Amino acid sequence: MGDRSGLQAASQLFWKQGCTMMFKDVADFCICVSMTRRGLRLGMAKVTQVDFPPKEMVSYSKETQTPTDTQTHTQARPEEEEDEEELAEAKPAEDSQEKKADQEEKQEEAPPKELTEEEKMHLLHSDEFLTFFDRGSRIVERALSERVDVCFDYSGRDLEDKEGEMQAGAKMSLNRTFSDERWSKNRVVTCLDWSPQYPELLVASYNNNEDVPHEPDGVALVWNMKYKKTTPEYTFHCQHPVYCVNVVGTQNAHNLISISTDGKMCSWSLDMLSQPQDCLELVFKQSKAVAVTSMAFPLGDVNNFVVGSEDGSVYTACRHGSKAGISDVFEGHHGPVTGLSCHSAGGPVDFSHLFISASFDWTVKLWTTKSTRPLYSFEDSCDYVYDVMWSPTHPALFACVDGSGRLDLWNLNNDTEVPSASVVVDGSTALNRVRWSHSGREIATGDSDGQVLVYDVGEPICVPKPDEWSRLVHTLMEINENRDEGDELAAQRLVA
Amino acid sequence: MNLHCKWILYTLTAFDADDVFGIIKESVEGTMGGNIFQQNRVDQWTSNVVELCLSQLSKLGKPFKYIVTCIIMQRNGAGLQTASSCFWDDTTDGSCTFKWENESMHCIVTVFGLAI
C-alpha cells in the first residue's frame with residue numbers, strides 16, 4: 001500500500017470488520033491511524049460522579065448569662081468562666097431575661113473577639129462577677145454536700161436483692177455526737193427525749209459535775225439534729241440534779257409526773273411548778289416504800305403505770321381511783337431495775353400489755369401485765385444494763401444499752417438469743433440512756449461522759465413490714481410455750 | 001515489516017483506563033500518602049499530582065490530548081458532589097477518575113484522554 005486513498009479504505013475496512021492488516025512501515029501505520037480519525041463519530045459519554053456525603057454534626061445551643069457591660073466578649077470567654085456563669089444560671093430568672101434581650105441586640109453589632117490577658121483579669125476581679133460567683137458557688141456547695149441518694153428505688157425491688165448485703169453492712173451508723181465543753185463534759189446523761197413537734201430537736205438532761213461544784217447541779221440542753229453546728233440550741237440550769245421526767249396525757253390535759261427515790265410520786269401542773277398538784281406514796285403491801293428508779297406509762301394510759309425499784313422488783317400501780325397505789329409486783333430481777341419501757345408501736349394487734357425492764361443483773365426481761373412472771377429474759381450482756389426502750393414504730397424491736405458502751409437492737413421476730421444489731425461506742429464509755437426518735441429511725445444514747453450520740457438505724461432493721469404484728473403474736477406464743485407449762489391461764493390470756 | 005495490528009492498534013490508540021489509573025494512583029500516593037491536610041501545603045500537592053500524572057501520561061507515547069484535574073478537600077464534615085460528562089468519540093476517548101482519602105482529606109483526580 002502506498003497511496004493515501006488505499007490506506008483510508010483499508011482503515012475503514014479495518015475498523016468496520018476488524019480484519020488483519022499489514023503495513024509496510026510505521027509511517028504508513030501512523031497515517032492509517034490518523035485517517036481513521038477523520039471518520040469521527042461523537043457521542044455523549046457517561047457522567048462521572050463523585051459524592052462525599054456531609055458528616056452529621058449533632059449540635060445544641062446553650063445560652064449563657066453575662067452582665068450587660070461585657071457583652072461584646074460573650075463568645076470569646078475562656079472555658080472556666082463559661083462554666084462558672086452556667087452556675088450563675090441558678091439565679092432569679094428575671095435578671096437573665098433582661099440581659100439576654102440586651103445581649104442579642106448588641107451581639108449583632110459587635111462580633112466577638114478574643115480577650116486579652118488584662119481584660120480577663122479585669123473581669124475576674126470585677127464586683128459583679130465576684131458577687132455572682134460567690135452566690136453561685138454557695139448554692140452549688142450546698143447541693144453538693146446533700147447526701148440524697150437520687151438512685152433510690154422506692155419500689156423496693158433493689159432492696160430485696162440487697163437485703164443480705166445491707167444487713168451485713170449498714171445496720172447502725174453514728175450520725176451525730178453532741179457534747180458541750182462547758183455544760184455536758186463530765187456530767188452523766190440522765191435523761192433524753194425527742195420533741196414530738198420538731199423531730200430534729202432532742203433534749204438531754206445531765207446530773208452534777210463533780211469537778212466544778214459551783215456550777216449548777218442540773219443542766220438540760222436542747223440539741224438540734226438539723227444543722228451541723230456543734231453547740232446546743234438552748235441551755236437550762238437548775239439547782240438539783242435532774243433524774244427523770246415524763247409528760248403524760250394529751251396536749252390539753254397533761255401532767256408532769258416525777259418520782260423520786262423516797263417513793264413519792266408527784267404530779268405537777270406545768271403552770272405551777274412550785275408545788276405538786278398531788279402526791280402519791282408508793283408503798284407495797286402497806287409497809288414497804290418503793291424506792292423507785294424508773295417509771296413507764298403504757299401507750300395512751302394516764303392512770304396505770306409501771307415502776308421499777310432498787311430491790312429488783314417491778315410494780316404496776318394506779319394513780320387514781322380506789323386502787324390508787326401499787327397493785328402487783330413482778331419479781332424476777334436480781335438487781336435494781338434501771339429502765340422500763342412499755343410497748344408503744346401501734347398496729348393491727350395490741351401489745352400494750354407488754355413491757356421490758358433492764359437491770360443491774362445484766363439482763364433485760366420481757367413481761368406482760370397479765371402475768372407476774374417474766375415471759376423471757378435476754379441475757380446477752382456482760383455488764384449492767386442501764387436502759388431499754390421499745391421502738392415506737394416496730395412492734396418487735398427494742399434497744400438496750402449497757403455499761404460496756406454497747407447499744408444492742410433486739411428483734412423478737414428474728415432471734416431472741418442474740419441481738420439483731422449491736423454497736424459499741426468509741427471509748428466504751430458506759431451508756432446511761434437510750435431513746436428512739438419518734439420516727440423510729442434514729443436512736444439517741446447518752447453516756448457517762450456527757451456525750452449524746454445519735455445513731456441512724458438501717459432501714460431493713462427499723463422499718464416494720466406489715467406482717468411483723470402477726471409474727472409477733474406467734475413469737476409470743478412460742479415464748480410462752482417455752483416457759484414453764486404450768487401457767488396455762490396466762491397463756492390463754494395472751495392469745496386472746 | 002509485519003505487524004499484527006488489531007490488538008496493537010487498539011492498545012496503542014485507545015484510551016487505556018487501567019494504565020492511567022495506575023499512573024494516577026502512584027502520583028497521588030507518592031505526593032500525599034501519610035500527610036495531614038495542611039492549608040499551606042495543599043497547593044503544592046495539587047500541582048505536584050497534576051504534573052506527575054501528565055509526565056507519566058505523555059511518556060506513554062500515545063496520540064492523546066490529556067486533561068488532568070485534581071481536587072483536594074479537607075474532611076471537616078462538609079459534603080461534596082461533582083459530576084462530569086463528555087461529548088466525544090466513545091471508541092477512542094476515555095476518562096479515568098481516581099478517588100483517594102485519609103483521615104484528614106479527600107482527593108479526586110480525573111484524567112480525560114482525547115485521541116488526536
Side-chain angles (χ1 to χ4, degrees), chain A residues 1-62 75-76 79 82 111-114, chain B residues 1-15 17 21 61-65 67 69-101 103-116:
Chain A
M1 307 181 216
D3 56 312
R4 289 191 139 247
S5 55
L7 276 172
Q8 192 167 12
S11 69
Q12 276 178 354
L13 254 178
F14 172 78
W15 285 114
K16 283 182 182 152
Q17 292 160 23
C19 57
T20 310
M21 299 264 292
M22 293 220 339
F23 289 94
K24 188 162 72 144
D25 54 29
V26 180
D28 269 350
F29 173 71
C30 288
I31 294 165
C32 179
V33 166
S34 62
M35 280 180 176
T36 61
R37 295 292 174 247
R38 306 248 173 85
L40 286 174
R41 284 162 316 207
L42 301 175
M44 284 292 294
K46 274 191 309 212
V47 178
T48 317
Q49 272 197 309
V50 170
D51 181 16
F52 295 129
K55 195 168 21 164
E56 282 285 328
M57 300 286 269
V58 176
S59 69
Y60 64 96
S61 64
K62 65 180 184 210
Q75 284 164 12
E79 282 284 305
E82 274 181 0
K113 59 183 199 298
E114 194 67 35
Chain B
M1 184 175 60
N2 257 342
L3 297 164
H4 185 222
C5 299
K6 187 178 174 191
W7 170 242
I8 294 166
L9 194 62
Y10 182 74
T11 52
L12 284 178
T13 57
F15 184 79
F21 190 88
K62 293 195 180 174
F64 274 88
K65 292 177 180 163
I67 300 163
T69 63
C70 174
I71 302 173
I72 297 182
M73 187 178 92
Q74 184 183 15
R75 285 185 82 159
N76 253 351
L80 175 70
Q81 280 78 30
T82 70
S84 65
S85 185
C86 308
F87 186 67
W88 58 23
D89 185 359
D90 237 341
T91 51
T92 55
D93 307 322
S95 69
C96 174
T97 310
F98 172 74
K99 284 172 263 190
W100 180 91
E101 68 186 35
E103 301 86 34
S104 57
M105 52 192 172
H106 287 293
C107 179
I108 308 158
V109 179
T110 314
V111 171
F112 299 94
L114 303 157
I116 299 166

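Please read these numbers as outputs of a predicted model, since none were measured by experiment. Chain letters run A, B, ... following the sequence lines, proteins first, then strands; residues in each count from 1.
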Could you tabulate the donor-acceptor pairs under 3.5 Å formed by side-chain atoms of residues 46-54 of chain A, not counting sequence neighbours?
residue	atom	partner	partner atom	Å
A/D51	OD1	B/Q81	NE2	2.5

Of the listed B/H106, B/M73, B/K99, the one with the largest count of heavy-atom pairs under 4.5 Å with chain A is B/H106
Here the salt bridge (charged side-chain N to carboxylate O under 4.0 Å, His left out) pairs for residues 107-116 of chain B, sequence neighbours left out, are none
Could you give all pairs that pass the salt bridge (charged side-chain N to carboxylate O under 4.0 Å, His left out) test and reach residues 73-82 of chain B, with sequence neighbours left out? B/R75-B/E101
Segment of B/S84 engaging chain A (4.5 angstrom heavy-atom cut-off): both
Contact list (residues 107-114 of chain B to chain A, heavy-atom gap under 4.5 Å, by number) returns B/I108
